[in-house]
Novice: 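Can you keep this structure in mind? I'll have questions shortly.
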Amino acid sequence: MFDERSVLLSAEVEPYASNTTTRTTLDEDTIYPDNGPEGGLLHLTYDRHHIARGVRGRLTLGVEPDTTNDG
């Protein structure tokens with residue numbers, strides 16, 4: 001999940017700038033409550049003055065090496 005500042009900055013760049021859908025803020029989110037950058041799992045790097053140039057992200061995932069999926 002992106003931090004609030006990143007979301008607001010990207011909302012100024014097309015195609016997001018012309019979006020008319022009502023946005024759910026991180027505080028209003030009921031699917032991933034108390035998650036996002038505060039959880040330390042997602043790290044974003046970008047130039048906040050030029051977010052249209054792109055965003056790099058790093059995501060930390062946990063893997064259970066002994067688990068298999070036979071289905």
Novice: Identify, with sequence neighbours excluded, every residue that meets salt bridge (Lys or Arg N to Asp or Glu O under 4.0 Å) alongside R23.
Specialist: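 Per chain and number, R23 pairs via salt bridge (Lys or Arg N to Asp or Glu O under 4.0 Å) with E4.
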
Novice: Using the rule that Ile, Leu, Val, Met, Phe, Trp and Tyr join whenever any side-chain heavy atoms are under 4.5 Å apart, tell me whether L8 and V13 fall into a single cluster.
Specialist: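 No, separate clusters.
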
Novice: With hydrophobic residues grouped by side-chain heavy-atom distances under 4.5 Å, do Y16 and V7 end up in a single group?
Specialist: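 No, because Y16 and V7 fall into different hydrophobic clusters, even though each may have its own neighbours under 4.5 Å.
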
